[in-house]
Amino acid sequence: MRIRPARLDELPALQDIEVAAGAVFRDLGMTAIADDEPPALDVLEHYRRAGRAWVACDDGDCPVGYLICEPVDGALHIEQVSVHPDHAHRRIGRALLAYAAHRAGEEGLTALTLTTFTEVPWNAPYYERLGFRVLDEAELTQGLRKIRAHEAELGLDRWPRVCMRRGWA
């Protein structure tokens with residue numbers, strides 16, 4: 001699996017990946033998530049220009065998964081990691097997270113952080129298997145609190161969510 005920076009012409013494909021990956025939430029009764037719009041092209045371009053949008057590509061060099069992130073309070077915060085369902089169960093998400101961890105370490109960042117749903121099997125339980133741990137309220141940094149507040153404004157707190165962190169071994 002090749003992981004590389006996203007190209008400008010691939011941003012619509014990232015939106016397509018997000019729509020396809022989000023559709024599986026419908027099976028859990030989370031239709032609002034399934035019907036949510038993917039990140040806008042200008043948002044994806046912001047991450048791409050900052051060097052914070054990476055894609056996992058198939059043998060034809062076409063994106064099948066992507067990750068966008070940004071530094072938050074000394075850690076690299078994973079804003080979104082999505083894999084097209086046609087390519088699920090191939091460790092692509094894991095590879096994207098490993099790539100992000102490698103890049104974060106090179107930049108002197110101390111950990112990966114993310115926010116996620118607790119009751120979705122491919123969310124918090126998956127990240128726990130990859131070494132992330134749930135942060136309790138006292139451990140949340142100012143930046144993570146701001147992210148969680150924004151998520152609440154978007155209505156994501158209709159379902160239980162947590163902040164998670166994975167440091168370096």
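None of the values given here were measured: they were computed from a predicted structure. Because only heavy atoms are used, hydrogens play no part in the values below, and waters and symmetry mates are left out as well, while side chains stay in.
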*Hey, what do you get for CD (Glu137) to CG (Leu144), rounding to the nearest 0.5 Å?*
10.5 Å
_Please say yes or no: joined through hydrophobic side-chain contacts below 4.5 Å, possibly via intermediate residues, are Tyr66 and Ile33 part of one cluster?_
no
*asked:* Does Glu107 have more than 12 heavy atoms from other residues, nucleotides or ligands lying within 6.0 Å of its CD?
replied: yes
*Would you say Arg48's side chain and Leu11's backbone share a donor-acceptor pair under 3.5 angstrom?*
no
*Looking at residues at least two apart in the chain, or sitting in another chain, which of them share a ring-ring contact (aromatic ring centres under 6.0 Å, His included) with Tyr99?*
Trp54
*Which heavy atom of Leu76 sits nearest a heavy atom of Ala100, and at what distance?*
CD2-O, 3.5 Å
*What is the minimum heavy-atom distance between Ala111 and Gly167, and which atoms define it?*
CB-CA, 3.9 Å
_Are Ile147 and Val134 connected into the same hydrophobic cluster when the rule is that any two of I, L, V, M, F, W, Y join if their side-chain heavy atoms are below 4.5 Å apart?_
no
*Got a second to check how far Leu41's CG is from Gln15's CD, nearest 0.5 Å?*
4.0 Å
_Charged N-O contact under 4.0 Å between Asp58 and Arg2_ = no
_Heavy-atom neighbours of Asp136 CG exceed 12 at 6.0 Å_ = yes
_Thr118 to Ala124 - nearest heavy-atom pair and separation_ = CA-CB, 3.7 Å
_So which atom in Leu14 and which in Ala6 form the shortest heavy-atom distance, rounded to 0.1 Å?_
CD1-CB, 4.2 Å
Donor-acceptor pairs under 3.5 Å, side chain of residues 79-87 to any protein atom, not counting sequence neighbours: which ones?
unit_1: Gln80; atom_1: NE2; unit_2: Glu18; atom_2: OE2; d: 3.4
unit_1: Gln80; atom_1: NE2; unit_2: Ser82; atom_2: OG; d: 2.9
unit_1: Ser82; atom_1: OG; unit_2: Glu18; atom_2: OE1; d: 2.5
unit_1: His84; atom_1: ND1; unit_2: Asp86; atom_2: N; d: 3.0
unit_1: His87; atom_1: ND1; unit_2: Arg90; atom_2: NH1; d: 3.1

*Are Arg165 and Thr110 close enough, and set up right, to give a side-chain hydrogen bond (donor to acceptor under 3.5 Å, both in side chains), and what steps lead you there?*
CA-CA 10 Å; Arg165 177 182 177 99; Thr110 60; 3.2 Å; yes
*Is Glu106 atom CD crowded by more than 12 heavy atoms from other residues, nucleotides or ligands, each under 6.0 Å away?*
yes
*asked:* Do Met164 and Leu156 land in one hydrophobic cluster if side-chain heavy atoms of ILVMFWY residues count as linked below 4.5 Å?
replied: no
*Apply side chain to side chain contact (heavy atoms under 4.5 Å, CB included) to Leu135 and Val162, showing your working.*
CA-CA 7 Å; Leu135 297 175; Val162 291; over 6 Å; no
_Measuring from atom CZ of Arg49 to atom CG of Asp42, what distance do you get when rounded to the nearest 0.5 angstrom?_
8.5 Å
*Does Arg161 come within less than 4.0 Å of Glu151, counting only side-chain N to carboxylate O?*
yes
*asked:* Is it the case that the ring center of Trp122 lies less than 6.0 angstrom away from the ring center of Phe117?
replied: no
*For side-chain hydrogen bond (donor to acceptor under 3.5 Å, both in side chains), just list the numbers for Thr31 and Arg26, CA-CA rounded to whole Å, side-chain angles, deciding distance to a tenth of an Å, and then say yes or no.*
CA-CA 5 Å; Thr31 56; Arg26 193 173 318 287; 5.5 Å; no
*Salt-bridged, Asp61 to Arg7, with N to O below 4.0 Å?*
yes
*Nearest heavy-atom pair of Ala32 and Trp159: which atoms, and what distance?*
CB-CH2, 3.8 Å
*Any donor and acceptor pair, going by atom type alone, linking the side chain of Asp73 with main-chain N or O of Gly143 inside 3.5 Å?*
yes
*Please answer whether the main-chain N or O of Leu130 pairs with a side-chain N or O of Arg166 as donor and acceptor at a distance below 3.5 Å.*
yes
*With Ile3, the side-chain contact (heavy atoms from CB on, under 4.5 Å) member among Ile92, Leu67, Leu96*: Leu96
*asked:* Checking Arg4 against Cys57 for the side chain to side chain contact (heavy atoms under 4.5 Å, CB included) test, could you report, in this order, the C-alpha distance in whole Å, the side-chain angles of both residues, the deciding distance, and whether it holds?
replied: CA-CA 8 Å; Arg4 61 168 172 74; Cys57 298; 3.5 Å; yes
_Heavy-atom pair with the smallest gap, counting every atom of Thr115 and Cys163_ = CG2-SG, 3.6 Å
*Indicate, with yes or no, if Tyr127 and Ile78 share a hydrophobic cluster defined by side-chain heavy-atom contacts under 4.5 Å among Ile, Leu, Val, Met, Phe, Trp and Tyr.*
yes
*State the CZ-CD distance between Arg52 and Glu70, to the nearest 0.5 angstrom.*
8.5 Å
*When hydrophobic residues are tied together by side-chain contacts of less than 4.5 Å, even through go-betweens, does Val120 share a cluster with Leu114?*
no
*Side chain to side chain, Cys69 and His77, heavy atoms closer than 4.5 Å*: no
